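No experiment lies behind these values; they were computed from the predicted model shown.
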Amino acid sequence: MTTPLGDISRCHTDLSALATLPISEVALILGDQLNASHSWFKTVNAKRLFVLMEIRQETDYVTHHIQKVVGFFAAMRQFAQALSRAGHQVFYFTLDAESNQQNIAGNLTALATVLPQLKRFSIQQPDEYRLDKYLQDFSTAQSIPVDWFDTEHFLCQRSVLNDWFGQQKQVVMENFYRRMRNSTGYLMSDGKPLGGKWNYDKDNRNKLPKGQTPPAPLCFSHDVSQLVAMLERQHVKTIGTIDANNYLWPINRAESRQLLDHFIRYLLPNFGRFQDAMHTDFWALYHARLSFALNTKMLSPREVVERALTYWQKHQEDVDLAQIEGFIRQIIGWREFIRAIYWQQMPAYAELNFFNHSNALPDFFWTGATRMACLSHAIQQSLDFAYAHHIQRLMVTGNFALLLGVNPTVVDGWYLGIYIDAIEWVELPNTRGMSQFADGGILATKPYISSGSYINKMSNYCTSCAYQVDKKVGEHACPFNSLYWNFIDQHFDKLKTNPRMALMTKQWEQRSESDKNSLRAQAQFYIENINTL
């Protein structure tokens, strides 16, 4: 049954009607600040006006997936309606409103113009450097005072890496994770990790066995046709596809919690075990798909972890320690670490290009039209669902872009646009650092590259591919194989000093010159004919 999309009939939408209200404070809520538990909302204040905005400033800075734009707008509208029902004063700028200046500063200024008693703006710290700088500049450029607030979402502060590790050149995520375990007490007993180990990652790298069928993913069914029609009328450029009558992603806190509970009950028992697996028949596998709800703050990381821990404690016969540890590591380890790297390294981080890569992204990244089964499936899934799990992103699309030598700025733009959960604080370190190694090792200890053998090991992609995974050169040779060795050849001087690449650089050195030339020629042929593969 289709769930009707909540309207904004309870919200103020007419600027001229505000003049009679005794508003002394305007509080800005960004599209990724939908935190119902924030202290702002604990009491109703008739003199405070919350404002949410659908603006071209945010739809146009990169070409987004249509499901991403619709998801944010739908969740924002649901949140605004919920605040209004709770008695708060809310103003909502729809994208097509005549009064909409299509940028934050313009709309805040417009509100100030019609509110004679306005004394201050209140702003939660944005999670993107781009918006943080923009709003800091806005704060200093006008006369109305601005009060800044924490988003009350993350488990640690922006400055946590410097606070904990000082000026240490590189912080390894595992060390950060252990500090987080100690500070939160999660999976700890008397200062030691439960089970005697911090990390069970080696137990969590299995291919999906033949005949095993994961539970069907929980998908919602929203009618978002009005939002889609609005985007079309406003000529907002998007990528990907959408079923406007059956939008599948959660758009409010209740649905987000329902998705969390579904994951804990049905998927967590096998989450870690198959978290790196890929399969053509199952787009969601055992993954939680909570990142959109988390990154919009409809869910909090503490809530997610503690609900999972509570379930695990009562069902240890179904969920072993390796599964719960693998999940918690993703939330309190990787997610918090990525954010910390982002704020420690920006803005210079966004310009790093360790390998000086400059190639274009292949055309099939926008269509999925390639005979390489792994890329075709991962990209088409991304276009269909605005989603791919971390190994599809890292070891299929990201791996290929790195081996091909694509400009990391172009790669950033693709990832930032195509995935529903992509906000720059989480996308940029994962892409430029982890996936493309463009930071030279600030985030990861080695480039995450592989030949076709890894993809074959973790998926069923190679069984239906036009290319042969066991061939390095010649007709129908898997492109990943020659591109992999070509990459090592091209960047040999930078890779040979990396201890984790020593085995592969040594193997390259030991190859005959004839073999090297054959691999180079095969890779060059693929690079020159990339859009026909």
Side-chain angles (χ1 to χ4, degrees), residues 65 207-208 239-241 276-283 285 357 359-408 410-411 413-415 417-419 431 434-437 447-490 504 518-533:
H65 199 295
K207 185 175 184 174
L208 191 71
I239 56 177
T241 61
D276 288 2
M278 299 173 284
H279 200 283
T280 53
D281 294 340
F282 310 109
W283 69 276
L285 292 159
H357 283 169
N359 288 339
L361 205 62
D363 293 346
F364 56 74
F365 268 66
W366 306 100
T367 65
T370 171
R371 289 173 293 151
M372 288 178 281
C374 58
L375 283 159
S376 177
H377 182 265
I379 293 169
Q380 192 61 57
Q381 176 183 305
S382 303
L383 293 168
D384 289 343
F385 296 104
Y387 171 83
H389 74 67
H390 65 288
I391 295 299
Q392 290 173 306
R393 301 188 200 194
L394 178 65
M395 299 307 299
V396 179
T397 52
N399 182 17
F400 193 77
L402 179 55
L403 297 180
L404 195 61
V406 177
N407 186 325
V410 176
V411 181
W414 186 80
Y415 279 94
I418 201 167
Y419 292 119
T431 301
M434 186 73 171
S435 170
Q436 301 303 293
F437 203 74
Y448 278 82
I449 55 173
S450 80
S451 62
S453 60
Y454 174 82
I455 296 170
N456 187 41
K457 176 185 175 183
M458 297 309 302
S459 76
N460 71 333
Y461 289 149
C462 300
T463 61
S464 59
C465 188
Y467 297 93
Q468 298 175 24
V469 68
D470 56 349
K471 289 189 68 174
K472 295 181 177 63
V473 297
E475 189 176 7
H476 305 305
C478 173
F480 275 90
N481 294 337
S482 58
L483 289 173
Y484 173 81
W485 289 111
N486 184 68
F487 177 89
I488 289 177
D489 179 51
Q490 287 186 319
M504 304 317 293
S518 294
L519 287 162
R520 291 181 186 119
Q522 185 78 37
Q524 191 59 36
F525 173 80
Y526 283 147
I527 292 170
E528 292 174 356
N529 296 275
I530 194 66
N531 289 315
T532 66
L533 298 187

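Shortest non-hydrogen contact noted between Leu404 and Ala360 is CD2-O, 4.4 Å. When every heavy atom of Asn531 is checked against every heavy atom of Asp363, the shortest pair comes out as OD1-N, 2.7 Å. Of all heavy-atom pairs between His357 and Val406, the closest is CB-O, 3.4 Å. Taking all atoms of both residues into account, the shortest heavy-atom contact from Cys478 to Gly452 is SG-CA, 4.1 Å. Contact detail for Tyr526 and Ala477: the closest heavy-atom pair is OH-O, 2.6 Å. Contact detail for Gly398 and Ser435: the closest heavy-atom pair is CA-OG, 3.3 Å.
With hydrogens and angles disregarded, a donor-acceptor distance shorter than 3.5 Å links the side chain of Ser376 to the backbone of Gly368. Using modelled atom types, one side-chain atom of Lys207 and one backbone atom of Asn456 make a donor-acceptor pair closer than 3.5 Å.
In this structure, the side chain to side chain contact (heavy atoms under 4.5 Å, CB included) partners of Met458, at least two apart in sequence or on a different chain, are Asp276, Met278, Tyr454. For the ring-ring contact (aromatic ring centres under 6.0 Å, His included) test, residues two or more places apart in sequence or in another chain that qualify with Phe365 are Trp414. Here Leu383 pairs with Ile379, Gln380, Ile418 under the side chain to side chain contact (heavy atoms under 4.5 Å, CB included) rule; sequence neighbours left out. Taking Tyr461 as the reference, His377, Gln392 meet the side-chain hydrogen bond (donor to acceptor under 3.5 Å, both in side chains) condition, with sequence neighbours excluded. Considering only residues two or more places apart in sequence or on other chains, His389 meets the ring-ring contact (aromatic ring centres under 6.0 Å, His included) condition with His287. In this view, Asn481 satisfies the side-chain hydrogen bond (donor to acceptor under 3.5 Å, both in side chains) rule with no residue, not counting sequence neighbours. Ser451 meets the side-chain hydrogen bond (donor to acceptor under 3.5 Å, both in side chains) test with Ser453; sequence neighbours excluded. For Thr367, there are no side-chain hydrogen bond (donor to acceptor under 3.5 Å, both in side chains) partners at least two apart in sequence or on another chain. Taking the side chain to side chain contact (heavy atoms under 4.5 Å, CB included) definition, one finds that Asn529 meets it with Phe525, Thr532, sequence neighbours left out.
With rounding to the nearest 0.5 Å, the separation of CD in Gln490 from CG in Leu483 is 9.0 Å. Going from atom CZ of Phe480 over to atom SG of Cys374 covers 4.0 Å, rounded to the nearest 0.5 Å. Between atom CE of residue Met504 and atom CH2 of residue Trp485 there is a gap of 3.5 Å, rounded to the nearest 0.5 Å. Taken from CD1 in Ile449 to CG in Leu394, the straight-line distance is 11.5 Å, to the nearest 0.5 Å. To the nearest 0.5 Å, the span separating OH on Tyr484 from OG on Ser450 amounts to 7.5 Å. Summarising the geometry, atom NE2 belonging to His65 is positioned 9.5 Å from atom OH belonging to Tyr419; distances are rounded to the nearest 0.5 Å.
Looking only at side-chain heavy atoms (C-beta outward), Leu402 and Gln436 come within less than 4.5 Å of each other. The closest side-chain heavy-atom distance from Asn486 to Gln524 is not below 4.5 Å. Contact of the Pro362 side chain with the Thr370 side chain is not registered, since no non-hydrogen atoms from C-beta on lie closer than 4.5 Å. Residues Val396 and Leu375 have side chains in contact (heavy-atom distance under 4.5 Å, counting atoms from C-beta outward).
Within the structure, the salt bridge (Lys or Arg N to Asp or Glu O under 4.0 Å) test picks out the following pairs touching residues 376-400 (sequence neighbours left out): Arg393-Asp421. For residues 450-465, the set of pairs meeting the salt bridge (Lys or Arg N to Asp or Glu O under 4.0 Å) definition, not counting sequence neighbours, is empty.
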Donor-acceptor contacts, no H, no angles, side chain residues 467-476, under 3.5 Å, sequence neighbours left out:
from   : atom 1 : to     : atom 2 : distance (Å)
Tyr467 : OH     : Arg371 : NH2    : 3.1
Lys471 : NZ     : Glu475 : O      : 2.8

